[in-house]
Protein chains: 2
Amino acid sequence: MKTITLTLFLFSICCYSQAPGSFQPASTNVWGASYPRVDGTGRAEFRIKAPSATAVKLNFWSNPKLDMVKGADGFWTVSTPALVPGFHYYNFVVDGVDVNDAGSHAFYGGGRDASGIEIPEPGATYYLPQDVPHGAVREIWYSSKITGSWRHALVYLPPGYDTQEKMRYPVLYLQHGGGEDETGWIKQGHANFILDNLIASGNTKPMIIVMAYGYARRAGQVDPDLTGKPFGSPEMMKAMQEMSKAFEDDLTQVLIPYIDSNFRTVSDRDHRAMAGLSMGGMQTFQVTFDHLDMFSYIGGFSGASGMMMMRSGEKPDMKTAFNGALADPEAFAKKVHLLWIGVGTEEPPQMHAGIVALHDAFTGANVKHTFYESPGTSHEWQTWRRDLKEFAPRLFQ
Amino acid sequence: MKTITLTLFLFSICCYSQAPGSFQPASTNVWGASYPRVDGTGRAEFRIKAPSATAVKLNFWSNPKLDMVKGADGFWTVSTPALVPGFHYYNFVVDGVDVNDAGSHAFYGGGRDASGIEIPEPGATYYLPQDVPHGAVREIWYSSKITGSWRHALVYLPPGYDTQEKMRYPVLYLQHGGGEDETGWIKQGHANFILDNLIASGNTKPMIIVMAYGYARRAGQVDPDLTGKPFGSPEMMKAMQEMSKAFEDDLTQVLIPYIDSNFRTVSDRDHRAMAGLSMGGMQTFQVTFDHLDMFSYIGGFSGASGMMMMRSGEKPDMKTAFNGALADPEAFAKKVHLLWIGVGTEEPPQMHAGIVALHDAFTGANVKHTFYESPGTSHEWQTWRRDLKEFAPRLFQ
């Protein structure tokens, strides 16, 4: 083992050959890995060594799997057609087993640390690091009386936070999606760079962003045995509601007071926003409509409570839905400064239809809101990066 | 895909059965994964579903692989004997292909995001979160003129940093090992919790810790083609030296000035330390002995420049080695307040012998230093956590 250190140090310069042509290692790769690689048109090439495998596929989670082809050197390879720009989760499937790509960094999604690849969007620099003042991202740990455990969250502090010691800031609580965690908005989403660039452009208020861990189990709670219970069964829905409520209580009773005690926030509802993607959007609607005394800006990125009703074909009664908060649209518009729902045009049809139906229901009930469609993107990070880019400048103005 | 969100949300409560007996899910697991699991004696159980595989092994990187056994349900399982406490990298080997454990979080090691498992050490709480004031860990990005790229580093700020606005702090630069990255000391090492606990106990000075990315390629540099060059060849050694020097220049010319500009440091040599593990220890010796005007505390955890000479059987001439800094031991002891070398008693023999030989050489040349042996541990994180626990209280006193 004595050569491990040196071997690893040299990993980058001895173990991969140079990428020919216009293909370059993806920005999501680990140090020194030349595969996967992408070209200027969004095509990507992948490879994995599996000499004794009989079938290897490339699995982009939202697309049909691609068959890979075995070479005489034991490497299986595949070239993709041009991919939609942005971040995509993927894995290899080697004889039926999901395998991470050792050349890719891992990104928490699908309930695991999965491989991911960044496909550049020509001309889009709003989520890349630029030569502008940079905020910092903090890891914090806090002890929760709700869950009876230490919990981890990330906090974005805007440029100048350290030096402008008298300044206080509004706060956006920004949630990840189902199967992801509190690291997603930074690692996959680049929320920090998006805000750095927006703030530098002068049209977005400096703000703190808090990214909480979206799962919670109440202290002492034992998970129910759901063996054999079908998806959507009453037992499963009850378990979901309990987890969801534990998250809400942790956020509103522990994390928000912690943030207001430990950072220079403006701790009133006019200076507090919440948004989230997919599951995080549903959580956002639940938390904010339960606590309109705490939040005045609400964003659902490809996810919102009402969407669920739409999917099942129900038409919500706007007089009673959302805790009755929408019964008086004028009063609601005065109270909630921004109600945002966004969706990608290429999301799965029922997902897209659900959000659009909610938009229509809001419109029909004269509920003031903003509807945003991300062109050409699906239920994926490029949609949510764009949501954030459009949403953040409207906060705290 | 519309059910993905809900499916993932429910992942934790539907997809795994409860662990029976005294085995509990490892603390390194992802949310809801009940495998791998550990018991109070340090035994661990692993499983992976691979119905069509013909041979599956469990690979703890520093030990012989263990054969796993296939069950009728398509799961391969294995139980280990009692493992050494601490953090261990591992992967499955499915028909010759390295596969991450979907139940484990990923930890950057071996040049990839790898699986890892934490085996509790009975009675050891010094690296666990306790009910004491907590520091924060910051992610920073800085633009390097040396590498021509944005670089990422982590910064630990001690408890009270935010509120004691006039206080300035000493800084420890703390480096990861070969194949690891700047995240290792937090994710694998728990350096933040170690310092929180040490500071709370009152015997360690509050300090800032900076964890830099230990790889660097000079702007415009093209990696040499080392195809066919044997390990340790002159070409390879030259490439290593170039990378190593680029790291040194980035650290001393860019990162340290950045830290001193952006944090409330005491920016003189008496208040600046550097330590590192394995490759990071070698880098520490290189950087500090090249810049004794910048550092006055030096720590090599299972790694130090001199060790390399020892391994090859050479006896360094202490009059000329280390830039001649040790030629006058009395002057050196006045200048360098702490020279630390540590090693685990169970490290591979040549590794252990190299560090001990360096210790003997220092002793023989009357070079004041501290030698620390971690009982029962190998070239692994438990050794380095203990190094840090013993090293940090001796800094800046």
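Here is how names work: the chains are called A, B, and so on, in the same order as the sequence lines, proteins then strands, and each is numbered from 1.
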Is [Y] close to [X] at the side-chain level, that is, under 4.5 Å between some pair of heavy atoms?
| X | Y | result |
| --- | --- | --- |
| B/Val97 | A/Phe92 | no |
| A/Asp113 | B/Phe107 | no |
| A/Val30 | B/Tyr108 | yes |
| A/Asp181 | B/His105 | yes |
| B/Trp150 | A/Phe193 | no |

Check whether A/Trp31 forms a cation-pi arrangement with B/Arg217 (NZ or CZ under 6.0 Å from the six-membered ring centre, at most 45° off the ring normal).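 Judged by the rule (NZ or CZ under 6.0 Å from the ring centre, within 45° of its axis), B/Arg217 counts as positioned above A/Trp31.
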Salt-bridged, A/Lys49 to B/Asp98, with N to O below 4.0 Å?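 No, A/Lys49 and B/Asp98 are not salt-bridged.
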Between A/Asn192, A/Ile140, A/Thr54, A/Leu157, which shows the greatest number of heavy-atom pairs under 4.5 Å with chain B?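 The answer is A/Asn192.
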Could you tell me which of A/Glu139, A/His134, A/Glu165 has the largest number of non-hydrogen atom pairs under 4.5 Å with chain B?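 Of the options given, most contacts go to A/Glu139.
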Which answer fits [X], side chain, backbone, both or neither, if we ask what part of it has an atom under 4.5 Å from a heavy atom of chain A?
| X | answer |
| --- | --- |
| B/Ser115 | neither |
| B/Glu242 | neither |
| B/Tyr213 | side chain |
| B/Asp95 | both |

May I have the step-by-step check of side chain to side chain contact (heavy atoms under 4.5 Å, CB included) for A/Arg138 and B/Asp162, ending in yes or no? CA-CA 12 Å; A/Arg138 276 207 195 186; B/Asp162 283 330; 2.8 Å; yes
Tell me, side chain or backbone of A/Gln130 under 4.5 Å from chain B's heavy atoms, or both, or neither?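 When you check distances to chain B, only backbone atoms of A/Gln130 fall under 4.5 Å.
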Roughly how far, to the nearest 0.5 Å, is OG1 of A/Thr163 from CZ of B/Arg264?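 One gets 11.5 Å once the value is rounded to the nearest 0.5 Å.
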